[in-house]
Structures are given as C-alpha cells and as structure tokens.
Trainee: 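To start, I am sharing the structure in question, which I have written as structure tokens.
Letters A, B, ... mirror the listed sequences (proteins, then strands); counts begin at 1. Any value given below was found using the heavy atoms of this structure, including those in side chains, with hydrogens, waters and symmetry copies removed.
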Amino acid sequence: MFSKDIQTQVDKLLSRYPISQNALIPILLLAQKENEGWLNEECMQHVADICEVPLTHVEGVVTFYTMFRLKPPGKYHLQVCTCVPCCLVGGTELLEHTEKILDIHAGHTTDDGVFSIEEMECIGACSFAPAIIVNEDYHEQLTPEKMEKMIDELRQ
Amino acid sequence: MPIFHIDGEPVEFEPGEKIISAALRCGKVIPHYCYHPGMSVVATCRMCLVDVIDLGNGRPAPKLQTACSMDAAEGMKIETLNKKVEEGRKLVNEFLLVNHPLDCPICDQSGECALQDYAFEYGSGKSEMDYSKRVSGWRDIGTFVALERNRCIQCSRCDRFTREITGTNEFGMFNRGHELTVDTYADRPMTNKFQGNMADICPVGAITEKEFRFKRRVWKLKKNRSICTGCSTGCNVTIEHDRNEIFRLKPHENQSVNKWWMCDEGRLTYRMMNERKTRIHQPLGRVDGKLEGISWEDAYGAIAERVGDMSPLPQEVLALTDTHASNEELFLLKKLLKDIFSADNIFCPLPTWEQYESDFFINTLITSDKTPNRAGALALKIKGDTKTAKLKKAIEGDLKVVFVLGNPFEAELEVQEKLKRAQLVVHLGLFHNSWSEIADVVLPGQYYSEKEGTYTNKNQRVQATEIAVQALRRTRPEWQILTELSQALGKTGFFTSVPQVFNAMSWEVKAFSGLSYESLGGIGKELTQKAKDTGMKVVRAQT
Amino acid sequence: MLEETLVLFKNIRNPDYDKSLAAYKKSGGYKSLKKVFAMKPEDVVQEVKESGIRGRGGAGFPTGLKWSFMAKGTGKPSYLVANADESEPGTCKDRELMLKDPHLFLEGMLIGCYAIGCHHGYIYVRGEFFPSIKILNDAVDELYVDGLLGPDPLGSGFNLDLTIHTGAGAYICGEESALLDSLEGKRGQPRVKPPFPAVSGFNGCPTSVNNVETLACMPFILSDGGVDAFKSFGPQNNSGTHLVSLSGHVNRPGVYELRMDVNMKDIIYDIGGGILNGKKLKGVIPGGSSSPVMKADEIDVLYNFDDLAKVGTMMGSAAIMVFDEDTDIVKLLHRITRFYAHESCGQCTPCREGTQWSKQIVRDFLSGNGSDEKLKRLDRVGGNMLGTSLCALGDAAAMPIQSFINKFPEDFRKYYATA
C-alpha cells in the first residue's frame with residue numbers, strides 16, 4: 001500500500017519506539033503526505049494494522065489533531081495564522097485579503113484545486129508576524145501585497 | 001484499617017483506595033458522573049470536587065480536589081458540605097447544562113438521571129446561557145442501544161466500556177474541545193453482546209435501550225431483586241415492572257457473580273416473563289381423550305385415586321425434569337418419589353456445556369448452558385443423562401406413573417412414545433408442549449418472576465429470587481404443587497414457605513449442608529460441598 | 001543601550017556560524033558533555049540544582065529538583081523527553097534555537113539523558129515546525145555519523161539514542177502529561193496526576209519532560225564555573241539568561257537573550273525600539289497569552305519569574321506581546337478566547353464548556369449586545385474555570401478573561417454605552 005520509500009521510513013520509525021502504537025502519529029503524517037495531503041478510511045485502516053491498534057483508536061487520534069485532514073487540500077495549502085501576536089499586526093486582515101483574492105473562505109479549496117486556505121492558531125513565528133505556512137514552508141513578515149505576489153508566483 | 005474523616009465522621013479505607021470509593025462504601029454522598037468502580041479513573045467530569053482541609057500532614061490542599069483521583073490518607077480531613085464545595089458543584093452543573101438540551105419531558109432517563117438529580121440538589125435553578133446549544137444528533141449505534149448525542153455530557157464511561165470491559169473497541173471519542181463527541185464512527189453499529197450495560201452506565205439519557213425507549217416512566221416501575229435465568233451464570237438482576245407487566249431487567253451489583261454487568265440476551269428474557277397468552281391457565285384433566293379444565297382438588301384427587309388403584313412398584317415410577325427448575329422444586333420432586341413410591345428414577349438432561357474464558361471478565365458471563373440450575377441438579381444428585389442411555393434403560397419395563405416437570409428431553413421422540421403408554425402421566429408445566437399432549441393431568445406452574453426459589457449457578461453459588469409480579473390466578477408455584485400432591489398421596493407434614501423447604505433441603509442434602517435460606521443474603525452463598533461437573537468444557541471466548 | 005547577554009545565542013549572533021556539528025565543536029561545543037561523562041549522574045543533577053535554573057517552558061519549576069524526583073530502582077528504563085511543542089501565543093524562541101543552533105540544544109539533551117540515566121531520548125516537535133524538524137533530523141544524523149550518538153559516545157560507554165517525534169497540531173500537547181499521551185500514540189489528553197511523569201510517564205516508565213531552552217542551558221551550566229556564572233545573570237531564584245520573544249506593536253520585534261534583572265520598560269522601549277508608528281502604549285501581555293495582562297503604567301518591573309509574580313501576573317514562556325492605544329481590547333480578548341476554545345481537549349467540564357461559552361459572550365459584545373450583566377457573567381464564567389479544571393489550560397483560559405475585565409473595564413463598556 002505504501003511506496004517503497006515510505007515503507008522504509010515507516011519501518012525505521014517503528015524501530016525507534018518500544019511499542020508500535022507509539023509511532024502512530026508520525027506514521028499517520030507520512031501516510032497523509034503519501035495520500036496527497038489527506039487521510040481516507042483505507043489509509044487509516046492500513047496504519048491501524050501497522051501500529052496494531054483498533055481502527056476506532058486511529059479515528060479518535062485523527063479527529064483530535066488539527067494537522068490531519070479528512071478531505072483533500074489544494075496543491076498549495078495556505079495556513080494563515082491569525083492568533084494574538086499575528087492578529088495585532090494584521091494577521092486577520094491578511095486572511096481576509098487572501099480569502100478575497102482566491103474567492104473562498106478559510107476551510108475550503110478553490111474550484112481548480114490549486115489553493116486551499118486554513119486559519120491557524122499560533123504557528124510559533126510571533127516575533128516575525130504576520131506569518132503563514134505554505135505546505136511545509138514558513139513565510140514571515142508578510143503584507144497583503146507580498147501575499148498577492150506570492151500567490152501569483154505559485155500559480156505559475 | 002486506617003481512617004480518615006469526612007465532614008467530621010471517621011471513615012475506614014483500604015490502603016490505596018480513592019476517597020470516593022471509601023466514602024460511597026460508607027454511605028456518604030459524593031455526586032459524580034465519570035467515576036465508575038469497574039473502570040479506570042479519568043477525573044474529567046469534576047463533579048466530585050471536595051475540600052481537603054488536611055492532606056494528612058497538617059496542610060490543606062491548595063484547591064478543590066476530585067475525590068475519584070485522590071488517594072485517601074491517614075489523618076486526612078475532607079469537607080463535602082461547605083460553601084466552597086457547594087460553589088464547585090454548582091459551577092460544574094451550570095457548565096454541563098450549557099449545552100445539555102432540556103429533554104426531560106421526552107427523555108427516558110428522567111427519574112433516574114444523575115444530571116437531573118444533581119441539578120435539583122446543587123444547581124442554581126436558572127440559566128444564564130443565551131446562545132445556541134451544540135447539536136450533534138441521534139445515532140444508531142448498535143442492535144440494542146441508541147445514542148442521543150445532544151444529551152451526552154462527555155463523561156467517557158461508554159468509551160472506557162468498550163475499551164476496558166468488553167475489549168471490542170467499537171466506541172470512541174472523536175474531535176476535540178467543544179466538539180468532543182462519542183460515537184461508533186462511520187456508521188458501524190456495535191455488535192458486542194453487552195450493549196445494554198452502556199445504557200446503564202450512561203448517567204444521562206444519551207445512551208438508551210431500544211427495547212425500553214418510551215415505554216414507561218421509571219418512577220412508575222416497582223423493582224424486585226431476582227436472578228437472570230437465561231443461562232447458568234445467574235447474573236443478579238432487578239425486575240422492573242408496573243401493573244404486572246415487566247418492562248426491563250437491569251443488572252444488580254454482585255461482585256461474586258456478575259460484578260455490575262449482564263448480557264443483552266439475558267435482558268431480553270423479560271419478554272418471556274410477559275408471555276401469558278400461551279400459558280396454561282388452570283389445571284387440566286383428560287376427559288374422553290381431551291384435556292379440560294378442572295379444579296385443583298379434583299386434579300389432586302384424580303391422581304391420588306389412580307395411584308391408589310395401581311400401587312406401583314419403585315421401578316414403575318419415573319420422573320423427568322429439566323434444569324430450569326429451582327433447587328426446591330427438584331428437591332421436592334425427588335422427595336415425592338422417595339417418600340411416596342420409594343423410587344429414585346429421576347432424570348434430567350445434562351448435556352456438556354461450555355464456560356468461556358477471556359482476558360475480559362464480561363465475556364465469561366455468557367455460558368452455553370441456557371438453564372439456571374444445572375449445578376443444583378448435580379448437587380441434588382438428580383440422575384443426569386447426557387446420552388439418554390440410562391434413561392432408556394429405566395423405561396425398558398412398563399411404566400405406571402410418570403411425572404414430568406417442565407419440558408425435558410423434548411427431542412427424544414422414542415422416550416415420549418414409551419411414556420405415552422404409561423398409565424398415569426402428570427405434567428407440571430407452564431406451556432403446552434409434547435408432554436402435555438400425552439399427559440393425563442396437567443398442573444400449571446409459575447414463571448421465575450412469579451414465584452420464589454433458589455438456583456445454583458455455574459460456580460455453585462446458591463442465589464434466591466423474589467416474587468416480582470402476580471401469577472395467573474389459577475396457577476400455583478411448583479414447590480407448592482409438589483407439597484400438596486405429596487400430601488394428597490398420603491404424606492404427612494407440610495411445607496408452607498420456600499425458606500422452609502430450603503432449610504429442610506439443607507438438612508437432608510449433603511451439598512447444601514450448613515446453608516440456610518436466611519444466610520443467602522443479597523449475594524448468595526456457595527455450596528459447602530461442591531459437586532464435580534464433568535460436563536463442563538472451558539473454551540476461549542470469541543469477542 | 002540595552003544589550004543582549006549572549007550565552008544561548010552566542011553562536012547564533014555570529015553571522016559566519018553555519019550550525020554544523022563541525023562549527024559547533026569549533027566554538028567549544030560538546031566539551032561540557034565530555035566533562036559530564038566523567039562525573040557521576042547524581043553530581044550532574046546536583047550542579048543543575050545549584051544553578052537554580054527554572055523551566056523555560058512556562059511553569060518555571062526548578063529543573064534540578066524535577067530531575068531529582070525521577071524514580072529509581074523501578075527496573076524500567078528512564079526517559080528524557082524534550083518539549084519542542086512551542087505553541088503558546090507570543091512564543092517563538094525554541095524555534096530559533098532549533099533552526100539556528102540545534103547542537104546547543106542537542107548537547108543539553110544528551111547531558112540531561114546522562115544525568116537521569118536515559119539511554120533513548122525523544123524530542124517532541126510540533127508538527128507545524130517543518131523547517132526545525134528537518135534541521136534537527138540532519139543534526140541528529142551528524143551526531144550518529146560522528147559517534148556522539150550510538151553505543152559509545154566519547155568513549156563513555158553510555159549508549160545514547162535520540163528520536164525526533166512529530167506532533168500533529170495541538171497546543172494542549174505542550175502540557176507534559178498530554179505530551180506523553182501523544183508521544184505514546186494516543187489523543188493528547190492531560191492525565192490525572194498523581195502518578196507524576198517522574199514515576200510513571202512514557203509507557204509507564206519514569207520520565208522527565210523538559211523545555212528546549214532549559215536543556216540548551218545545560219552546556220553552559222555544566223562548563224567550568226558555569227553554575228556561578230549562570231546564577232550571576234539574575235536575582236536570587238531567578239538565575240540565568242533567558243530568551244524573550246517580543247512581538248506586537250513594537251518597532252523591533254524579535255527574540256532577544258537577556259539577563260533576568262532587566263526592566264520591562266527597557267525591553268519594550270530600548271531593545272524593542274518603542275511603540276510602532278510613534279503610538280502610545282496601552283498594555284502588555286507579559287508571558288504568553290495565558291498570563292494576566294498589564295496596563296501601560298504597570299510595566300516598571302524587572303522581567304523575571306518572581307518580580308512579575310509579585311505584581312499579580314507571570315513570566316510564563318517569556319513572550320511579551322505589546323499593544324498600542326488603538327487596540328480594540330474586546331477584539332483582542334475575543335481572539336484569545338477563540339484560541340482556548342479551539343485548543344481545549346474537551347475532557348473536563350469546566351474547560352470544555354467554559355472556553356466555548358466565554359467565547360460566545362465576548363462575541364456577543366462584538367455584535368453590540370454587551371451589558372453590565374454580561375460583563376459580570378463573563379467574569380464569573382472565566383473565574384469558574386480557575387482551579388476546577390483537570391489541567392492548567394483551564395487556568396490559562398481563565399486568567400486573560402478576568403485580567404482584561406479587571407484592567408480594561410471601560411473598553412468593554414464602550415461597546416454597549418454607545419448602543
């Protein structure tokens with residue numbers, strides 16, 4: 001079910017913990033990455049078998065943590081922080097501007113599947129606010145203009 | 001035993017015991033939702049907050065502590081009635097009612113609902129919550145229970161139940177924070193055999209039994225203690241009924257038998273208790289080949305007359321019974337044969353049965369022996385017959401008198417054929433069956449819920465039942481029938497109560513020696529002399 | 001001009017530093033570890049105790065004392081778990097260490113492992129810290145290649161392994177018992193205590209959970225003369241330098257390493273460059289969003305654990321959020337209550353219901369439906385979460401609500417006085 005590369009990583013992870021269950025969350029993140037950014041029941045069942053836990057347990061874990069997604073994100077997943085420090089320096093405005101440019105609300109994906117927006121709680125870049133994460137990259141000290149420019153660049 | 005103080009009163013505790021466990025054992029009131037003595041401690045509902053004014057070392061605890069998570073300690077002093085605790089209970093109650101719908105008028109739990117009771121005791125009486133409540137909807141979670149998620153107070157008892165008690169992991173908690181919800185996830189109804197227990201442990205009306213929903217308000221129900229007769233475990237139950245109709249069985253705690261649980265099959269045995277249309281309503285006698293209603297006096301008279309005419313030899317008398325009969329009934333039947341006829345040909349089916357073993361105690365509750373008194377038959381040395389070989393031998397000759405109690409050996413057509421030719425067949429039973437078809441006299445007995453009796457469970461523990469509902473007017477309990485029949489057949493002496501019969505039984509039967517009816521108490525008592533049961537097989541349970 | 005006191009940031013402030021193992025060693029790295037291997041573990045713990053270092057994750061519990069609580073003789077392995085789940089709003093200091101000088105933190109981690117007898121340490125990094133995770137993984141690989149991790153680091157015979165473990169997005173996993181549940185592959189829900197992690201932590205074994213910055217201090221403390229030097233950087237019971245994350249309406253937001261006897265005024269106006277756009281200061285959240293807010297006229301206080309506690313607030317994770325005179329207090333509080341409502345794990349009644357309800361009341365104010373009665377209600381609901389919840393998140397959610405109402409009541413009344 002996993003590609004050879006991911007399976008190697010999974011095996012390595014399992015070997016780092018005393019109990020298979022301990023590797024559940026890192027393995028789920030790997031499985032999610034492999035499955036284009038989201039988890040379906042088949043993925044979760046597969047991981048449940050690997051980690052030797054019941055499927056209900058995996059489902060409980062997946063619905064607890066915000067990074068697990070149960071529907072596909074866009075190609076570029078824009079995770080915009082609007083928490084206290086970012087909020088003080090324009091994080092909310094940044095989010096609203098992004099929603100306006102892409103014509104979708106946070107929690108949704110554009111029709112062409114290229115962009116999705118997620119409103120985030122503190123992402124730990126407070127002194128460099130406003131900050132966002134695009135897929136796995138941090139972009140800090142943004143302004144609405146810089147945001148627009150970045151979205152245009154990503155579209156290419 | 002070490003001691004600590006609650007509200008100035010001394011309370012004994014076992015080392016390592018939590019405050020709440022010791023307190024509840026001594027009859028103190030500590031409101032709680034998530035705590036359950038059979039499951040792990042989570043301390044999440046926060047309702048059991050108490051004020052520990054002395055931790056046992058002279059210093060108070062810095063804030064209110066949950067009684068379910070704190071170990072009792074020597075010298076500890078706790079207050080549960082002061083202002084701080086009152087405020088604590090009030091605020092927890094208020095928070096729970098923030099999202100809990102006011103469903104009391106349509107909720108089955110009303111009347112036995114912890115939230116309702118505590119809101120009445122400790123609540124503020126008015127709501128300051130102006131906003132929309134969280135709505136999560138109704139879910140079909142299993143064959144036996146339904147889930148009203150709006151009412152859930154997230155105590156996690158149901159979640160812990162399928163993880164720790166049944167080990168089936170069918171239930172879980174999903175999402176986080178305000179959205180935290182219980183469910184089976186993705187429309188997978190539960191299939192475990194113990195779902196009814198989840199309705200019992202749910203402190204509110206979130207999980208309810210499908211069988212019982214909307215049928216009766218619980219404050220109308222009368223409760224009587226009894227034993228489930230669905231299998232040989234003999235889980236302790238309360239029979240809950242109103243106006244002679246039984247609405248449900250609920251398990252009664254007995255740490256030596258079923259702990260806090262019972263199985264769903266057992267719960268459903270209440271249906272048979274209400275089944276009255278097909279019952280035999282009065283004594284019947286055969287007139288011109290047809291069974292017709294007769295009086296009890298005529299029934300006894302007819303039997304006595306026929307027996308007097310025949311003067312049967314011991315080997316010409318036979319009794320068949322099944323292990324649904326109580327200890328007293330078996331004892332009296334055996335006694336009747338011996339006292340009146342000097343006979344001892346009494347048989348009951350004793351097929352091999354399976355006791356399940358499992359890592360989870362609850363799986364051991366169900367056995368494959370669906371009768372409640374096999375061990376009683378063994379203790380009373382009723383001739384068990386797994387292959388009917390002995391029985392067939394006993395009926396080789398001509399039979400004059402045959403007593404059949406219940407519905408034993410119903411598949412043995414050969415035996416029935418033989419018995420048809422007996423001169424007198426007396427059937428003591430509840431329902432028409434193949435025996436009443438060939439009987440000359442039918443004497444109607446009573447169902448478990450209508451009479452007293454003791455039953456010996458698979459671990460050879462004797463347990464007593466109470467009368468729950470009124471029997472059909474012209475039936476009599478089997479112990480009484482056998483006593484009266486004995487008398488009609490010439491025996492002197494007369495039992496007037498089940499305790500009397502029991503005490504006589506413990507006098508005469510070695511296995512029951514040392515026991516008295518009074519000594520059975522609420523939890524029963526094990527036989528002093530246990531019989532070996534070679535028909536038992538221990539098998540690993542399938543979950 | 002207020003200057004940084006460079007202990008942890010010594011390498012980071014060097015523009016030529018490339019954070020490799022070679023560069024770290026060149027600047028004196030892993031000398032402390034070598035020294036530590038020659039000491040008895042209990043002596044290491046004793047030195048840490050004497051240094052007076054208090055946890056840098058927010059709770060400020062003395063680290064040496066925490067390590068001395070580790071249960072011994074249980075027959076079970078001991079574990080050191082580094083808490084890199086930096087999620088407290090305002091805090092971005094651990095990421096600086098992990099991104100720019102990972103080996104400083106890793107050396108501290110190895111020292112800690114030796115001190116408490118742990119042969120396999122875990123670093124729990126929040127899942128969103130993709131850059132830090134990559135850098136840490138590379139740094140750990142360097143250590144294995146070098147032999148500093150493996151069967152015989154520096155000839156000590158004390159085999160050492162490290163595993164980087166990723167979280168998946170939950171602030172509550174910064175709480176140590178929730179972190180351990182998450183590390184074990186479960187929902188990150190705080191545990192009932194006792195038992196404490198030092199007795200039963202990771203998979204039921206004795207465990208110590210320590211913040212990244214706390215561990216990063218260890219190489220300095222265990223160096224020659226380190227204990228006394230560390231103590232000299234602050235008043236009694238507030239030893240060492242610490243990393244302060246400054247954010248909000250200041251000209252120079254950033255992470256600064258400062259002594260513990262620096263005045264908050266200087267942090268904001270000197271090193272922080274004063275208020276953005278020449279505005280006036282309205283207030284400061286001094287220690288991460290869980291700390292009680294301070295008004296502009298209250299910031300003349302030394303920035304350390306005890307001095308802030310004396311004035312009724314807390315230093316927490318040393319995250320200063322500055323807001324100016326134009327800040328809408330009610331909107332700010334709304335954002336804070338939204339945060340706690342989103343991050344509550346939901347287990348216990350007061351926090352699960354209280355965070356949501358308080359958020360709804362604040363939103364009501366924003367919609368123009370405020371009143372004196374609702375203000376009192378908000379204060380009451382917030383207060384009901386204090387001291388009644390299972391873990392500190394309930395307290396953390398309560399304190400901002402009560403302090404904002406206490407310090408800025410007029411800002412709330414503005415919302416309904418005009419209506």
Trainee: Using modelled atom types only, decide if a donor and an acceptor are shared between the side chain of S127(A) and the backbone of L246(C) within a distance under 3.5 Å.
Mentor: yes

Trainee: Would you mind telling me which of A319(C), S87(C), P131(C), P77(C) has the largest number of heavy-atom pairs within less than 4.5 Å of chain A?
Mentor: P131(C)

Trainee: Return yes when atom CG of D326(C) has more than 12 non-hydrogen atoms of other residues, nucleotides or ligands closer than 6.0 Å, and no otherwise.
Mentor: yes

Trainee: Is any side-chain heavy atom of D161(C) less than 4.5 Å from a side-chain heavy atom of R16(A)?
Mentor: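 The answer is yes; the side chains approach within 4.5 Å.
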
Trainee: Check each atom of C345(C) against the heavy atoms of chain A and say whether the ones under 4.5 Å are side chain, backbone, both or neither.
Mentor: both

Trainee: Of the backbone (N, CA, C, O) and the side chain (C-beta and beyond), which part of A125(A) lies under 4.5 Å from a heavy atom of chain C, both, or neither?
Mentor: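 When you check distances to chain C, atoms from both the backbone and side chain of A125(A) fall under 4.5 Å.
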
Trainee: Minimum heavy-atom separation for Y79(C) and P18(A), please, with both atom names.
Mentor: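 Shortest heavy-atom separation between Y79(C) and P18(A) comes out as OH-CG, 3.7 Å.
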
Trainee: If you compare all heavy atoms of G90(C) against all heavy atoms of C122(A), which two are closest, and at what distance to 0.1 Å?
Mentor: N-SG, 4.1 Å

Trainee: For R187(C), is it the side chain, the backbone, both or neither that has a heavy atom under 4.5 Å from a heavy atom of chain A?
Mentor: both

Trainee: Between R126(C) and E121(A), does any side-chain N to carboxylate O distance fall below 4.0 Å?
Mentor: no

Trainee: So which heavy atom on P85(A) is nearest to which on S247(C), and how close?
Mentor: CB-OG, 3.6 Å

Trainee: Is the CD atom of E153(A) crowded by more than 12 outside heavy atoms at less than 6.0 Å?
Mentor: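 Enclosed: over 12 neighbouring heavy atoms sit under 6.0 Å from CD of E153(A).
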
Trainee: Please flag which part of V322(C) lies under 4.5 Å from any non-hydrogen atom of chain A: side chain, backbone, both or neither.
Mentor: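 Looking at V322(C), just its backbone touches chain A.
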
Trainee: Take atom NE2 in H119(C); do more than 12 heavy atoms of anything else shown fall under 6.0 Å from it?
Mentor: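 Correct, the count exceeds 12.
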
Trainee: Would you say H249(C)'s side chain and L88(A)'s backbone share a donor-acceptor pair under 3.5 angstrom?
Mentor: yes

Trainee: Check whether T82(A) gets within reach of chain C through its side chain, its backbone, both or neither, counting any heavy atom under 4.5 Å.
Mentor: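 For T82(A), the contact with chain C is made by backbone and side chain together.
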
Trainee: Please rank E86(C), R95(C), M321(C) by heavy-atom pairs under 4.5 Å with chain A and give me the top one.
Mentor: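 That would be R95(C).
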
Trainee: Which atoms of E343(C) are under 4.5 Å from chain A, going by heavy atoms: the side chain, the backbone, both sets, or neither?
Mentor: side chain

Trainee: Minimum heavy-atom separation for I25(A) to T166(C), with atom names?
Mentor: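 Taking I25(A) first and T166(C) second, the nearest heavy atoms are CG2-O, 3.6 Å.
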
Trainee: Please classify the contact of E140(A) with chain C as side chain, backbone, both or neither, using a heavy-atom distance under 4.5 Å.
Mentor: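 For E140(A), the contact with chain C is made by the side chain alone.
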
Trainee: Would you check if M120(A) and E128(C) make a side-chain contact, meaning some heavy-atom pair closer than 4.5 Å?
Mentor: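 Result yes, sub-4.5 Å side-chain heavy-atom pair found.
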
Trainee: Verify the neighbour count for atom CD of E325(C): are there more than 12 heavy atoms of other residues, nucleotides or ligands below 6.0 Å?
Mentor: yes

Trainee: Looking at G346(C), A170(C), P89(C), which one has more heavy-atom pairs under 4.5 Å with chain A than the rest?
Mentor: P89(C)

Trainee: Using non-hydrogen atoms only, which part of L162(C) is less than 4.5 Å away from chain A: side chain, backbone, both, or neither?
Mentor: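 The backbone, not the side chain.
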
Trainee: Which bit of C87(A) comes within less than 4.5 Å of chain C, counting heavy atoms only: side chain, backbone, both or neither?
Mentor: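 Side chain only.
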
Trainee: So for I164(C), is it side chain, backbone, both, or neither that comes closer than 4.5 Å to the heavy atoms of chain A?
Mentor: backbone

Trainee: At a 4.5 Å cut-off on heavy atoms, which part of H342(C) comes close to chain A: side chain, backbone, both, or neither?
Mentor: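 Contact with chain A involves the side chain of H342(C) alone.
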
Trainee: Looking at chain A, which one of C92(C), A168(C), G127(C), P253(C) has the largest number of heavy-atom pairs inside 4.5 Å, strictly under?
Mentor: A168(C)

Trainee: Check each atom of L332(C) against the heavy atoms of chain A and say whether the ones under 4.5 Å are side chain, backbone, both or neither.
Mentor: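 Contact with chain A involves the side chain of L332(C) alone.
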
Trainee: Looking at chain C, which one of I27(A), V89(A), I123(A) has the largest number of heavy-atom pairs inside 4.5 Å, strictly under?
Mentor: I123(A)

Trainee: To the nearest 0.5 Å, what is the distance between CG (N135(A)) and CZ (F130(C))?
Mentor: 8.5 Å

Trainee: Do the rings of Y17(A) and Y122(C) sit parallel, tilted or perpendicular, given the 30° and 60° boundaries?
Mentor: parallel

Trainee: Pick one of side chain, backbone, both or neither for T91(C), based on which atoms fall under 4.5 Å of a heavy atom in chain A.
Mentor: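 Interface part for T91(C): backbone (N, CA, C, O).
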
Trainee: Going by atom type alone, with no hydrogens or angles, which donor-acceptor pairs under 3.5 Å involve a side-chain atom of residues 53-72 of chain A and a protein atom two or more places apart or on another chain?
Mentor:
unit_1: T56(A); atom_1: OG1; unit_2: N169(B); atom_2: O; d: 2.7
unit_1: H57(A); atom_1: NE2; unit_2: Q21(A); atom_2: NE2; d: 3.3
unit_1: H57(A); atom_1: NE2; unit_2: G185(C); atom_2: O; d: 2.9
unit_1: E59(A); atom_1: OE1; unit_2: R188(B); atom_2: NH2; d: 3.1
unit_1: E59(A); atom_1: OE2; unit_2: R188(B); atom_2: NH1; d: 3.4
unit_1: T63(A); atom_1: OG1; unit_2: E59(A); atom_2: O; d: 3.0
unit_1: T63(A); atom_1: OG1; unit_2: G60(A); atom_2: O; d: 3.2
unit_1: T63(A); atom_1: OG1; unit_2: N175(B); atom_2: N; d: 2.9
unit_1: Y65(A); atom_1: OH; unit_2: S182(C); atom_2: OG; d: 2.9
unit_1: Y65(A); atom_1: OH; unit_2: K186(C); atom_2: O; d: 2.8
unit_1: Y65(A); atom_1: OH; unit_2: G188(C); atom_2: N; d: 3.0
unit_1: T66(A); atom_1: OG1; unit_2: G169(C); atom_2: O; d: 3.0
unit_1: R69(A); atom_1: NE; unit_2: G37(A); atom_2: O; d: 3.0
unit_1: K71(A); atom_1: NZ; unit_2: G107(A); atom_2: O; d: 3.3

Trainee: With only heavy atoms counted, which part of I133(C) is less than 4.5 Å from chain A, the side chain, the backbone, both or neither?
Mentor: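 No part of I133(C) comes within 4.5 Å of chain A.
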
Trainee: Below 4.5 Å from any heavy atom of chain A, which atoms of F129(C) appear? Answer side chain, backbone, both or neither.
Mentor: both

Trainee: Is atom CG of D103(A) surrounded by more than 12 heavy atoms (other residues, nucleotides or ligands) closer than 6.0 Å?
Mentor: no

Trainee: Using a 4.5 angstrom heavy-atom cutoff, name the option from G248(C), G254(C), C173(C) with the most pairs to chain A.
Mentor: G254(C)

Trainee: Quick one: of T327(C), L183(C), I172(C), who has the most non-hydrogen atom pairs under 4.5 Å with chain A?
Mentor: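 Maximum pair count with chain A is reached by L183(C).
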
Trainee: More than 12 heavy atoms of other residues, nucleotides or ligands under 6.0 Å from NE2 of H108(A): yes or no?
Mentor: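 12 or below, so no.
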
Trainee: What part of R252(C) lies closer than 4.5 angstrom to a heavy atom of chain A: side chain, backbone, both or neither?
Mentor: neither

